[in-house]
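A short write-up of the structure that comes next.
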Amino acid sequence: MAKILIAEDDKAVRSFVARALTHKNHEVKAVGDGMQALEALGEDKYDLLITDIVMPGLDGIGLALKVAKDAPEMPVLLMTGYSAEKQRAHNLEELIFKVVTKPFSLQEICDAAEEALGLQAS
């Protein structure tokens, strides 16, 4: 079981991902934006960060850059539905584990998370 932080401003997506990963027996904390994620990261240790790229305040790219500096051992999965934002993320390949494109299935997000955690082969 891993401890996973999800940062996603869309409540439906946040809930969908959190339920999927909880069902896989992971401990999940879900927050609505990058600033709340930074707060959570300051209060506890996590094995994985899953974050949307486009969020108000601190976006997923900014959050990933902060995590790469403060906790370089923690894998980061980015989620996006925007092709331009996906391209922005690919410019940071050394800092992030993977970009998952929305819409994704329950199986796709769980597989990506478990791959990032080293629980399954790529």
Side-chain angles (χ1 to χ4, degrees):
M1 176 177 80
K3 209 166 178 181
I4 301 172
L5 177 61
I6 300 167
E8 166 63 67
D9 61 321
D10 182 314
K11 187 177 180 180
V13 174
R14 184 171 65 240
S15 177
F16 174 79
V17 174
R19 277 195 323 265
L21 294 169
T22 300
H23 184 71
K24 292 283 190 175
N25 296 319
H26 297 294
E27 185 179 332
V28 177
K29 177 169 179 110
V31 297
D33 63 42
M35 295 309 290
Q36 291 175 0
L38 278 183
E39 211 174 284
L41 288 165
E43 295 169 355
D44 211 344
K45 290 190 76 145
Y46 293 89
D47 301 306
L48 173 64
L49 169 65
I50 302 175
T51 181
D52 188 18
I53 293 178
V54 178
M55 292 186 293
L58 180 64
D59 69 6
I61 301 286
L63 184 56
L65 290 169
K66 181 83 172 127
V67 166
K69 181 179 165 233
D70 296 347
E73 71 288 346
M74 185 184 351
V76 177
L77 273 180
L78 295 177
M79 304 179 286
T80 189
Y82 300 97
S83 58
E85 296 302 326
K86 186 172 181 179
Q87 183 56 46
R88 243 179 90 208
H90 280 300
N91 295 333
L92 303 171
E93 287 173 336
E94 65 281 355
L95 303 179
I96 59 165
F97 182 78
K98 188 178 210 172
V99 179
V100 181
T101 305
K102 295 176 188 175
F104 46 76
S105 71
L106 207 124
Q107 189 65 51
E108 287 171 322
I109 195 67
C110 287
D111 287 351
E114 294 196 344
E115 188 181 332
L117 291 162
L119 301 174
Q120 123 180 12
S122 52

If you apply the rule side chain to side chain contact (heavy atoms under 4.5 Å, CB included), what do you find for Leu38 with Leu58, and how did you get there? CA-CA 9 Å; Leu38 278 183; Leu58 180 64; 3.4 Å; yes

Would a 4.5 Å heavy-atom cut-off, applied to side chains only, mark [X] and [Y] as touching?
X: Phe97; Y: Val76; result: no
X: Glu114; Y: Lys24; result: yes
X: Thr51; Y: Ile6; result: no
X: Lys69; Y: Val67; result: no
X: Leu41; Y: Leu5; result: yes
X: Val100; Y: Ile109; result: yes
X: Leu49; Y: Pro75; result: no
X: Ile61; Y: Ile53; result: yes

What are the two closest non-hydrogen atoms of Leu63 and Gly34, and how far apart are they?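 In terms of heavy atoms, the two residues are closest at CD1-O, 4.0 Å.
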
Heavy atoms only: give me the nearest Ala64-Ile96 pair and the separation to one decimal.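 Nearest heavy atoms, Ala64 then Ile96: CB-CG2, 4.1 Å.
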
With a 4.0 Å cut-off, would you call Arg14 and Asp10 a salt bridge?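 Judged by the 4.0 Å cut-off on N to carboxylate O distance, Arg14 and Asp10 do not form a salt bridge.
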
Carboxylate-amine/guanidinium proximity below 4.0 Å for Lys102 and Asp52: yes

Check against side chain to side chain contact (heavy atoms under 4.5 Å, CB included), Met1 and Glu27: CA-CA 7 Å; Met1 176 177 80; Glu27 185 179 332; 4.1 Å; yes

Exactly one of Ile4, Leu78, Val28 should register a side-chain contact (heavy atoms from CB on, under 4.5 Å) with Ile50. Which one does?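 With Ile50 as partner, side-chain contact (heavy atoms from CB on, under 4.5 Å) holds for just one option, Ile4.
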
Verify side chain to side chain contact (heavy atoms under 4.5 Å, CB included) between Leu117 and His26, making sure each step is shown before the conclusion. CA-CA 11 Å; Leu117 291 162; His26 297 294; 4.0 Å; yes

